[in-house]
Amino acid sequence: MFAAERRQLILEMVRANGAVSLRELARVVQTSEVTVRRDVRALEAEGLLDRRHGGAVLPGGFTRESGFPQKSHLATAEKTAIADLAASFVEEGEAIVVGAGTTTQELARRLARVPGLTVVTNSLLVAQALAHANRVEVVMTGGTLRGSNYALVGSGAEQSLQGLRVSRAFLSGSGLTAERGLSTSNMLSASVDRALVQAAAEVVVLADHTKLGTDTMFQTVPTDVITRLVTDEPPAHDDRAATELQALADQGVQIAIAGASGNAGGDPAPAPGRRRDMPLPGPRRQVPGAGPLLRSAAVPGEAPASGERARVADLRRR
């Protein structure tokens with residue numbers, strides 16, 4: 001591919017996504033990150049995009065991201081399978097926080113069947129999905145409405161989360177890497193997601209395989225704070241996603257894989273809603289600032305790892 005063709009393709013990707021990592025650009029144009037970095041510099045010199053750490057964005061693209069209509073049609077089968085599996089980790093009578101996103105909206109639709117549940121959210125879509133659930137209490141944050149994803153953001157949202165303590169946070173984002181953890185392309189959304197994380201003892205990330213290995217602008221959850229990743233089976237040819245999954249597992253993240261329709265790699269994928277966890281190498285670090293739980297954070301039907309068992313027992317004694 002000639003340089004002009006590469007740069008045109010890079011520009012089209014950035015225009016379509018708002019923010020794209022150098023790694024993803026290099027994979028798509030089939031060249032090295034060094035070459036892509038040189039192309040990005042040239043495009044920046046022409047004023048066509050801006051460079052950011054590890055990627056490229058549209059000029060002034062701090063708040064640029066795909067809107068809800070575009071996101072809602074991406075990886076729909078995978079999101080459904082992920083939501084089915086994530087819902088199985090929620091206990092009756094638990095108190096949780098659920099962030100904004102199309103995958104968390106799918107999760108909320110399934111949470112409507114969990115009795116005695118309390119859900120704190122900054123997402124109008126999550127609240128709408130639970131609005132008619134008879135035995136689910138919905139608590140919404142304050143804040144300013146972002147129309148692109150129907151989420152409440154800003155200082156009002158963050159202040160309303162101060163002093164809150166729940167067992168788990170369920171979050172999604174724009175990208176997930178073992179190096180930086182979960183990230184998003186919008187600064188205001190990232191700030192609220194960090195406040196949601198501070199309110200929870202455990203963090204569950206919902207991300208389909210297309211987000212694995214993608215690094216966007218603003219970090220929301222560092223890898224060492226993520227307790228569990230719920231994702232789908234990567235295609236056999238997607239080495240990047242498989243490598244990222246292994247790297248996340250090596251850093252202590254529990255990996256739960258949901259099967260959407262089958263595995264192209266030969267082995268049958270798990271049926272939707274069935275857990276297939278990779279082993280947890282070591283105890284997870286509790287989220288800084290997390291205090292006593294409103295509910296037990298233990299997963300039903302699972303024996304905690306030794307480090308987790310001690311931590312859960314300690315929390316219960318409190």
Side-chain angles (χ1 to χ4, degrees), residues 20-28 33 54-55 74-89 99 101-104 106-107 168-184 197 202-216 219-285 299 302 305 307-308:
V20 187
S21 68
L22 292 177
R23 182 184 303 178
E24 177 66 7
L25 291 172
R27 186 185 68 83
V28 172
E33 290 188 28
L74 296 175
T76 53
E78 291 84 352
K79 291 175 182 177
T80 298
I82 290 169
D84 284 337
L85 179 51
S88 71
F89 295 112
T102 53
T103 310
T104 51
E106 288 295 324
L107 170 63
R168 304 175 220 272
F170 291 85
L171 299 175
S172 60
S174 302
L176 177 65
T177 66
E179 181 181 358
R180 289 186 71 222
L182 189 68
S183 61
T184 186
V197 167
E202 295 184 0
V203 179
V204 181
V205 170
L206 313 183
D208 64 79
H209 72 271
T210 64
K211 297 178 181 179
L212 299 177
T214 298
D215 191 7
T216 53
Q219 182 192 59
T220 56
V221 190
T223 305
D224 66 340
V225 172
I226 300 173
T227 307
R228 188 186 305 270
L229 166 64
V230 184
T231 187
D232 61 296
E233 190 83 44
H237 58 80
D238 193 344
D239 295 334
R240 180 188 65 160
T243 300
E244 208 66 49
L245 277 179
Q246 186 58 58
L248 287 163
D250 289 344
Q251 294 198 36
V253 179
Q254 294 180 8
I255 311 295
I257 299 179
S261 59
N263 181 7
D267 296 330
R274 180 180 173 188
R275 295 200 292 267
R276 196 183 81 185
D277 285 0
M278 291 184 179
L280 178 66
R284 304 300 297 138
R285 178 169 70 84
V299 177
E302 287 190 4
E308 288 291 289

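Bear in mind the structure is a predicted one, so any value in this text is a computation, not a measurement.
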L176/L248 under side chain to side chain contact (heavy atoms under 4.5 Å, CB included): CA gap, chis, key distance, verdict
CA-CA 9 Å; L176 177 65; L248 287 163; 3.9 Å; yes

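In terms of modelled atom types and a separation under 3.5 Å, the side chain of Q219 and the main chain of R180 share a donor-acceptor contact. Side-chain N or O atoms of Q251 include none that pairs as donor or acceptor with a backbone N or O of T223 at under 3.5 Å. Under the 3.5 Å distance criterion, the side-chain polar atoms of T216 are matched with a main-chain donor or acceptor of T184.
The only member of L245, V204, V203 that meets side-chain contact (heavy atoms from CB on, under 4.5 Å) when paired with L229 is L245.
By the 4.5 Å heavy-atom criterion applied to side chains, S183 and D215 are counted as neighbours. Between I257 and T231, some side-chain heavy-atom pair lies under the 4.5 Å cut-off. Side-chain contact between K79 and D208 is present, with at least one heavy-atom pair separated by less than 4.5 Å. Q246 is listed as a side-chain neighbour of D250, based on a closest heavy-atom distance under 4.5 Å. No side-chain heavy atom of T220 sits less than 4.5 Å from a side-chain heavy atom of V197.
Residues satisfying the side chain to side chain contact (heavy atoms under 4.5 Å, CB included) test with R27, not counting sequence neighbours, are E24, R240.
Contact detail for S172 and L182: the closest heavy-atom pair is O-CD2, 3.7 Å. The two residues G213 and S21 have their closest heavy-atom pair at O-OG, 4.3 Å.
To the nearest 0.5 angstrom, L206 atom CG is 11.0 Å from E106 atom CD. Separating the NZ atom in K211 from the CD atom in E244 is a distance of 14.5 Å, to the nearest 0.5 Å. Atom OG1 of T214 sits about 10.0 Å away from atom NE2 of H209, to the nearest 0.5 Å. Distance check: L85 CG to L107 CG gives 10.5 Å after rounding to the nearest 0.5 Å.
Because its NZ or CZ atom is both nearer than 6.0 Å to the ring centre of F89 and within 45° of the ring axis, R228 counts as a cation-pi partner of that residue.
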